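Just below is one structure, and these are the notes that go with it.
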Amino acid sequence: EVQLVESGGGLVQAGGSLRLSCAASGFTFDDYAIGWFRQAPGKEREGVSCISSNDGSTYYANSVKGRFTISSGAAKNTVYLQMNSLKPEDTAVYFCAGHAWDCSGSYFTEEDQYDYWGQGTQVTVSS
C-alpha cells in the first residue's frame, strides 16, 4: 500500500522559509513522480512543483519559480519542498501526491494523473 505523509508546515512571517517533507512508502514501480499541490481557502487546488524519480527532473509553477526548490533524499523515499521568500498568498494546505512514470513536463499540474495523495499540511504566512 502506497502512503504519503507530509510534515513541516506551520506559521511563518512573510519573507521567511519553511521546508516541507513528503515521506513516501509502498511504491512498487521503479519510476514515479512526486508532486506538491496547494489549496488556499475558497480556491481550487493548484500544482506547485514536481520531481521525477528516474532522472531527477524538476518542474515549478510560475508563481513559485525562483523561491521554492523541490528535491529528494538520498534514498528517494522522501521529497522535500524548500520554500523561501514566503508571501501571504502562499498560505494554503500543501499536499504531496504520487503516480507512476514521470512528471509529464508542464502537465505535472494535472491532478487526475496522481493516484496517491497525502493528508496535507497547513502553511500560514503572516504579513
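The shown structure was predicted, so the numbers you read here are calculated from the model rather than taken from an experiment.
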Problem - With Ser17 via side-chain hydrogen bond (donor to acceptor under 3.5 Å, both in side chains) - residues at least two apart - result: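 side-chain hydrogen bond (donor to acceptor under 3.5 Å, both in side chains) list for Ser17, sorted by chain: Asn84.
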Problem - Contacts of Asn54 that satisfy side-chain hydrogen bond (donor to acceptor under 3.5 Å, both in side chains) - sequence neighbours left out - result: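 Counting only residues at least two positions away or on another chain, Asn54 forms no side-chain hydrogen bond (donor to acceptor under 3.5 Å, both in side chains).
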Practice task
Work out which heavy atom in Leu4 is nearest to a heavy atom in Ala24; give both atom names and the distance.
Solution key: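 Minimum heavy-atom separation between Leu4 and Ala24: CD2-CB, 3.5 Å.
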Practice task
Scan for disulfide (SG to SG under 2.5 Å) pairs involving residues 69-127, sequence neighbours excluded, and state none if there are none.
Solution key: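 Sorted result for residues 69-127: Cys22-Cys96, Cys50-Cys103.
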Contact check, side chains of [X] and [Y], non-hydrogen atoms, under 4.5 Å:
| X | Y | answer |
| --- | --- | --- |
| Leu81 | Thr69 | no |
| Tyr60 | Val48 | no |
| Ser63 | Lys87 | no |
| Glu46 | Val64 | no |
| Tyr116 | Ile34 | no |
| Ile51 | Trp36 | no |
| Met83 | Leu20 | yes |

Using the salt bridge (charged side-chain N to carboxylate O under 4.0 Å, His left out) rule, collect all pairs that involve [range], keeping only residues at least two apart or in two chains.
| range | answer |
| --- | --- |
| residues 117-127 | none |
| residues 59-73 | Arg67-Asp90 |
| residues 98-122 | Arg45-Glu111 |

Exercise for the section: Considering only Ile, Leu, Val, Met, Phe, Trp and Tyr, and joining two whenever side-chain heavy atoms are under 4.5 Å apart, list the other residues clustered with Tyr59. Expected result: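 When side chains under 4.5 Å apart are linked, the cluster holding Tyr59 also contains Phe37, Val93, Phe95, Phe108, Tyr114, Trp117.
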Residue list, side chain to side chain contact (heavy atoms under 4.5 Å, CB included) with [X], at least two apart or on another chain:
| X | result |
| --- | --- |
| Asn77 | Ala75 |
| Thr124 | Leu11, Thr91, Gln122 |
| Ala40 | Lys43, Ala92 |
| Ser21 | Ser7, Thr78, Tyr80 |

Handout entry: Rounded distance [0.5 Å steps], CD in Gln82 versus CZ in Arg19
Key =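 The distance works out to 7.0 Å.
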Problem - Derivation of the side-chain contact (heavy atoms from CB on, under 4.5 Å) call for Glu6 and Gln119 - result: CA-CA 7 Å; Glu6 304 95 336; Gln119 82 288 351; 2.8 Å; yes
Exercise for the section: Using the test ring pair (Phe, Tyr, Trp, His ring centres under 6.0 Å), find all partners of Tyr32 that sit at least two apart in sequence or belong to another chain. Expected result: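 By the ring pair (Phe, Tyr, Trp, His ring centres under 6.0 Å) rule, Tyr32 matches Phe27.
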